[in-house]
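I have placed the structure first, in the form of structure tokens, so that the comments after it can refer back to it.
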Amino acid sequence: MIRIAVLASGSGTNAQRLVEYFRGSDTARVVLLGCDQPRAGVVQRAWALGVPSYLFSGSELRSGSVQRELLAQRIDLVVLAGFMRLIPAHFVQAFPRRIINIHPALLPKYGGKGMFGHHVHEAVIAAGEKESGITIHYVNERYDEGEHLLQVKCRVFPEDTPYSLATRIHELEHANYPAVVGSVIAAIGP
Ligand code: GAR
């Protein structure tokens, strides 16, 4: 059984989708929801879903104690779902091609430090883009730069607000992220 840790900083709707999707799987399970924001909605979701949560600070992430905890818990795959911090190089090296991220835009556009959540949708609309979408990718030591696994596009309409665009993007994320994680797991093998 592949043991997945999901790391999130916000509401956790993607984290919840991942937990529910892999409850129906014989090969993988989300066994831990990690979070760097004690008041984030994902902590409540973890409790409601009955998945252990793991709260940590930015300095614990940078010091290496988070990756040590995940290794101690025999985590095979780390899935970022609205996680806002940079994954340090030593963490990336501890989980080679075993960390996946989802970004709410068509990278390489609208990525990098500070480009998360509503900031991304505000920038896309301010630039007058006609399309946006999602990017699912491996994580390396730089923000939003790892090898792509999947991009899916959607329209941006003239009347869109950051909120309406975020809603459309969330639907795409929920529809695609668990299956892409599943395909990475299938490639890892039992
Ligand atoms: C998602 O849209 C995800 O793509 C984005 O944060 C949102 C989290 O939503 N991630 C980033 O911006 C990473 N740079 P959720 O908490 O409802 O899953």
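In each ligand, atom 1 is the first atom listed, and ligand 1 is the first ligand listed. Note that the structure is a prediction, hence the values are computed from the model and not measured.
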Can you name the atoms of ligand 1, numbered from 1 with element, that are less than 4.0 Å from a heavy atom of [X]?
X	answer
M115	14 (N)
G12	15 (P), 16 (O), 17 (O), 18 (O)
S11	16 (O), 17 (O)

Which residue supplies the protein heavy atom nearest to [atom], what is that atom called, and how far is it?
atom	answer
atom 11 (C) of ligand 1	P104 CD, 3.6 Å
atom 9 (O) of ligand 1	H170 NE2, 3.0 Å
atom 2 (O) of ligand 1	E173 OE1, 2.9 Å
atom 8 (C) of ligand 1	G82 CA, 3.6 Å

Close side-chain approach of [X] and [Y], heavy atoms under 4.5 Å:
X	Y	answer
E141	V92	yes
R98	V78	no
L77	V184	yes

Taking side chain to side chain donor-acceptor pair (under 3.5 Å) as the cut-off, I'd like each qualifying pair that reaches into residues 176-186, sequence neighbours left out, listed once. none

Selection from V42, N14, T13, I102 by shortest heavy-atom distance to atom 13 (C) of ligand 1: I102

Any nitrogen or oxygen of D144, side chain or backbone, less than 3.5 Å from one on ligand 1? no

Any nitrogen or oxygen of G117, side chain or backbone, less than 3.5 Å from one on ligand 1? yes

How far apart are the C-alpha atoms of R168 and F157, what are their side-chain angles, what is the distance that settles it, and do they pass the side chain to side chain contact (heavy atoms under 4.5 Å, CB included) test? CA-CA 11 Å; R168 193 171 312 121; F157 298 103; 3.4 Å; yes

E147: partners by side chain to side chain donor-acceptor pair (under 3.5 Å), with sequence neighbours left out: R97

Apply side chain to side chain contact (heavy atoms under 4.5 Å, CB included) to Q37 and M84, showing your working. CA-CA 10 Å; Q37 303 291 332; M84 304 312 177; over 6 Å; no

